[in-house]
Trainee: 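Got a structure for you, questions after.
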Amino acid sequence: MPKSRIRKKADYTPPAARTQPAAIKLTNRAWVAPVMLALFLIGLAWIVVFYVTDGSLPLDALGNWNIVVGFGFIAAGFAVSTQWK
């Protein structure tokens, strides 16, 4: 009876390497820091002027809503700060 052939096991071949996605290109966001700081300072100045002038400035018609406007500028500064990388 003929002898059966010995089957050689295939060598281990690692799976194909995954290709990495293209690197995220960070765009130049030099405008973010100046705009953020400007909004913070405008909001702070708005509230300080309102308190120093006993409510007659910056806008007399808004009354105590001037505080909300000042905090709105500050909140906008925080919103812009999320774009900073």
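Below, all heavy atoms of this structure are taken into account, side chains as well, without hydrogens, waters or symmetry copies.
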Trainee: Are Leu57 and Leu62 linked, directly or through intermediate hydrophobic residues, by side-chain heavy-atom contacts shorter than 4.5 Å (ILVMFWY only)?
Mentor: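 No; tracing contacts between hydrophobic side chains, which count when under 4.5 Å, never links both residues.
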Trainee: How many angstroms lie between CH2 in Trp84 and CZ in Arg29, if you round to the nearest 0.5 Å?
Mentor: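 Answer rounded to 0.5 Å: 13.0 Å.
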Trainee: Is any side-chain heavy atom of Asn66 closer than 4.5 Å to a side-chain heavy atom of Leu59?
Mentor: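 A side-chain contact under 4.5 Å exists here.
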Trainee: Kindly state each residue pair satisfying side chain to side chain donor-acceptor pair (under 3.5 Å) with at least one member in residues 51-65, sequence neighbours excluded.
Mentor: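 Found none.
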Trainee: If the condition is ring-ring contact (aromatic ring centres under 6.0 Å, His included), which residues does Phe73 pass it with, not counting sequence neighbours?
Mentor: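 For Phe73 the ring-ring contact (aromatic ring centres under 6.0 Å, His included) partners, ignoring immediate neighbours, are Trp46.
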Trainee: What's the shortest heavy-atom distance between Met36 and Ser81, and which atoms?
Mentor: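 Nearest pair, atom of Met36 first, then Ser81: SD-CB, 3.2 Å.
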Trainee: For residues Phe78 and Val35: do they belong to one hydrophobic cluster (side chain heavy atoms under 4.5 Å, members Ile, Leu, Val, Met, Phe, Trp, Tyr)?
Mentor: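 Per the 4.5 Å side-chain linkage, Phe78 and Val35 are co-clustered.
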Trainee: Mind jotting down which residue pairs meet the side chain to side chain donor-acceptor pair (under 3.5 Å) criterion with at least one end in residues 69-79? Sequence neighbours excluded, please.
Mentor: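 Non-adjacent pairs meeting side chain to side chain donor-acceptor pair (under 3.5 Å): zero.
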Trainee: Treating Ile, Leu, Val, Met, Phe, Trp and Tyr as nodes and any side-chain heavy-atom pair under 4.5 angstrom as an edge, say whether Val69 and Ile47 lie in one connected cluster.
Mentor: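 Same hydrophobic cluster.
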Trainee: Are Val68 and Val49 linked, directly or through other ILVMFWY residues, by side chains that come within less than 4.5 angstrom of each other?
Mentor: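 No; tracing contacts between hydrophobic side chains, which count when under 4.5 Å, never links both residues.
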Trainee: What are the two closest heavy atoms between Val80 and Val32, and how far apart are they?
Mentor: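 Heavy atoms only, the tightest pair is O-CG1, 3.5 Å.
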Trainee: Answer with yes or no whether the hydrophobic clustering places Ile42 together with Ile67; edges join I, L, V, M, F, W, Y residues whose side-chain heavy atoms lie under 4.5 Å apart.
Mentor: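 Ile42 clusters together with Ile67.
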Trainee: Would you name the heavy atoms of Ile74 and Gly43 that are closest together and state the gap between them?
Mentor: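 Looks like CG1-CA, 4.0 Å.
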